[in-house]
Amino acid sequence: MPDPKKLRPRFVILISGQGSNMQAIVQACQSGDCAAEVAAVIASRAETAGLAWAASQGIHTVGLAHTAYPNRETFDTALAQTIDQFSPDYVLLAGFMRVLTPGFVARFAGRLINIHPSLLPSFPGLHTHAQALATGVQSHGCTVHFVTPVLDHGPIIAQGVVAVHHHDTPESLASRVLGMEHLIYPQVACWLAQGRVHLTSDQRVLVDGVTTRLFTPGQHL
Ligand code: GAR
């Protein structure tokens with residue numbers, strides 16, 4: 001929960017690549033739609049297109065090449081120390097393609113959020129769009145959730161649904177899902193900044209006291 005005495009809650013966003021979700025969140029903060037500050041963008045590589053874009057916006061950037069560390073624990077320790085320098089209220093994983101150690105997840109428990117390109121609990125892991133097409137589901141989408149030590153698992157804050165079309169390829173479906181990601185992740189960031197998201201003792205998420213936050217195409221957010 002953001003400290004009400006602080007004017008603007010702070011996010012640190014973690015990326016691994018292009019960072020289009022990160023850009024959507026930054027733009028929501030810049031436009032005033034989201035009353036938060038992106039204090040830093042940290043990548044799991046020394047250089048990425050997303051880092052270059054964030055730097056061009058005047059945001060602190062750090063490229064932490066995971067290949068420079070002997071194992072997951074040492075990388076996650078360095079990552080946690082880097083994050084702590086920016087004192088974030090929330091750490092937002094936005095296409096951060098690393099499995100996190102339980103120690104890292106515990107350190108940021110309740111403040112660590114992820115977006116995954118499927119309607120969890122369906123299709124955790126990689127190649128979610130190909131998995132959706134292979135199973136013949138008629139709807140697919142994305143999930144914003146609190147992070148637990150289990151990969152692509154945790155209390156769900158919001159989901160966005162898109163239709164699967166008969167002519168879809170993994171690429172066309174990914175593009176439709178990504179468009180939905182760019183709607184729901186900034187919206188969730190906004191709710192977090194406003195202190196409207198609550199995790200209950202039985203690990204359910206309430207936004208303004210309501211559990212269901214399901215977005216569909218064309219829905220006005
Ligand atoms: C997004 O589709 C995001 O949901 C996914 O990676 C992509 C990153 O795109 N994340 C995962 O698969 C995590 N399990 P972006 O860098 O353009 O935001």
Side-chain angles (χ1 to χ4, degrees), residues 11-26 28 41-45 48 50 66 72 76 79 90-102 104-106 108-135 137-164 168-192 197 199 203-205 207 211-217 219 221:
F11 297 142
V12 165
I13 306 180
L14 307 188
I15 64 170
S16 291
Q18 65 175 346
S20 69
N21 276 291
M22 172 274 294
Q23 293 184 30
I25 295 166
V26 167
V41 174
I42 302 173
S44 56
R45 298 182 187 156
T48 73
H66 67 87
R72 270 186 208 288
D76 279 7
L79 179 61
Y90 288 100
V91 178
L92 308 180
L93 308 180
F96 189 68
M97 306 306 280
R98 299 276 309 164
V99 174
L100 295 165
T101 54
F104 181 95
V105 173
F108 296 103
R111 299 192 290 141
L112 191 57
I113 313 292
N114 182 44
I115 188 161
H116 182 73
S118 78
L119 295 172
L120 291 174
S122 294
F123 316 133
L126 298 174
H127 311 302
T128 58
H129 312 300
Q131 290 187 63
L133 291 176
T135 54
V137 291
Q138 298 189 359
S139 55
H140 184 43
C142 48
T143 303
V144 179
H145 63 99
F146 283 97
V147 174
T148 69
V150 181
L151 182 68
D152 298 329
H153 168 271
I156 291 172
I157 304 171
Q159 292 188 304
V161 179
V162 303
V164 178
D168 264 327
T169 62
E171 292 73 27
S172 65
L173 189 51
S175 166
R176 194 173 312 119
V177 171
L178 194 60
M180 180 58 81
E181 293 183 46
H182 296 165
L183 288 177
I184 75 166
Y185 211 0
Q187 177 65 81
V188 169
C190 197
W191 292 335
L192 291 167
V197 180
L199 190 54
Q203 299 295 289
R204 292 180 66 103
V205 178
V207 180
T211 50
T212 306
R213 292 292 174 170
L214 184 65
F215 296 109
T216 52
Q219 182 177 359
L221 298 180

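The residues of the chain are indexed from 1 along the displayed sequence. These numbers come from a predicted model, not from an experiment.
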> Backbone N or O of P121 within a donor-acceptor pair of the H116 side chain at under 3.5 Å?
Replying inline: no
> Do you know which two heavy atoms are closest between V147 and V105, and how far apart they sit?
Replying inline: O-CG1, 3.8 Å
> Between CG of L93 and CD1 of I15, what distance do you get to the nearest 0.5 Å?
Replying inline: 12.0 Å
>> Are T128 and D152 packed together at the side-chain level, in the sense that at least one heavy-atom pair is separated by less than 4.5 angstrom?
In response: no
> With side chains defined as the heavy atoms from C-beta onward, is the minimum distance between T143 and N114 less than 4.5 Å?
Replying inline: no
>> Run the side chain to side chain contact (heavy atoms under 4.5 Å, CB included) test on R213 and V197 for me, step by step, so that the C-alpha distance in whole Å, both residues' side-chain angles and the decisive distance to 0.1 Å come before the verdict.
In response: CA-CA 11 Å; R213 292 292 174 170; V197 180; over 6 Å; no
> Going by heavy atoms in the side chains, are H127 and P170 under 4.5 Å from each other?
Replying inline: no
>> Can you give me the closest heavy-atom contact between V161 and M180, atom names plus distance?
In response: O-CE, 3.4 Å
> With a 4.5 Å heavy-atom cut-off, do I115 and V188 have their side chains touching?
Replying inline: no
>> Run the side chain to side chain contact (heavy atoms under 4.5 Å, CB included) test on L79 and F96 for me, step by step, so that the C-alpha distance in whole Å, both residues' side-chain angles and the decisive distance to 0.1 Å come before the verdict.
In response: CA-CA 12 Å; L79 179 61; F96 189 68; 3.7 Å; yes
> Checking D76 side chain against T101 main chain: does a donor-acceptor pair fall under 3.5 Å?
Replying inline: yes
>> For a quick test of reading the model, state the closest non-hydrogen atom pair linking V162 to P217 and the distance between them.
In response: CA-CG, 4.3 Å
> Do you know the tightest heavy-atom contact between T169 and L133?
Replying inline: C-CD1, 3.4 Å
> After noting the C-alpha distance and the side-chain angles of L178 and N21, does the key distance pass the side chain to side chain contact (heavy atoms under 4.5 Å, CB included) rule?
Replying inline: CA-CA 8 Å; L178 194 60; N21 276 291; 3.8 Å; yes
> Under the 3.5 angstrom rule, does the side chain of R45 hit a backbone N or O of G17 as a donor-acceptor pair?
Replying inline: no
>> Let's go through V26 and Q23 carefully: what are the C-alpha distance in whole Å and the side-chain angles of both, what is the deciding distance for side chain to side chain contact (heavy atoms under 4.5 Å, CB included) to 0.1 Å, and is it a yes or a no?
In response: CA-CA 5 Å; V26 167; Q23 293 184 30; 5.6 Å; no
> Between H182 and S20, do the side chains contain an N or O donor and an N or O acceptor separated by less than 3.5 Å?
Replying inline: yes
> Taking C-beta and beyond as the side chain, do L192 and L92 meet within less than 4.5 Å on heavy atoms?
Replying inline: yes
>> Using side chain to side chain donor-acceptor pair (under 3.5 Å), reason through H129 and H140 one step at a time and then give a plain yes or no.
In response: CA-CA 8 Å; H129 312 300; H140 184 43; 2.9 Å; yes
>> Can a side-chain donor-acceptor contact be found between T148 and H153 if the only test is distance below 3.5 angstrom?
In response: yes
> Are the side chain of Q159 and the backbone of L120 linked by a donor-acceptor contact shorter than 3.5 Å?
Replying inline: yes
>> Under the side chain to side chain contact (heavy atoms under 4.5 Å, CB included) test against F146, which residue among L199, L112, I156 passes?
In response: L199
>> Are I25 and M22 packed together at the side-chain level, in the sense that at least one heavy-atom pair is separated by less than 4.5 angstrom?
In response: no
>> I'd like to check I157 versus P155 (side-chain heavy atoms, cut-off strictly below 4.5 Å). Are they in contact?
In response: no
> Minimum heavy-atom separation for L126 to Q131, with atom names?
Replying inline: O-NE2, 2.8 Å
> Between A94 and I13, which heavy-atom pair has the shortest distance, and what is it?
Replying inline: CB-CG2, 3.8 Å
> Do the side chains of R72 and R98 get nearer than 4.5 Å, heavy atoms only?
Replying inline: yes
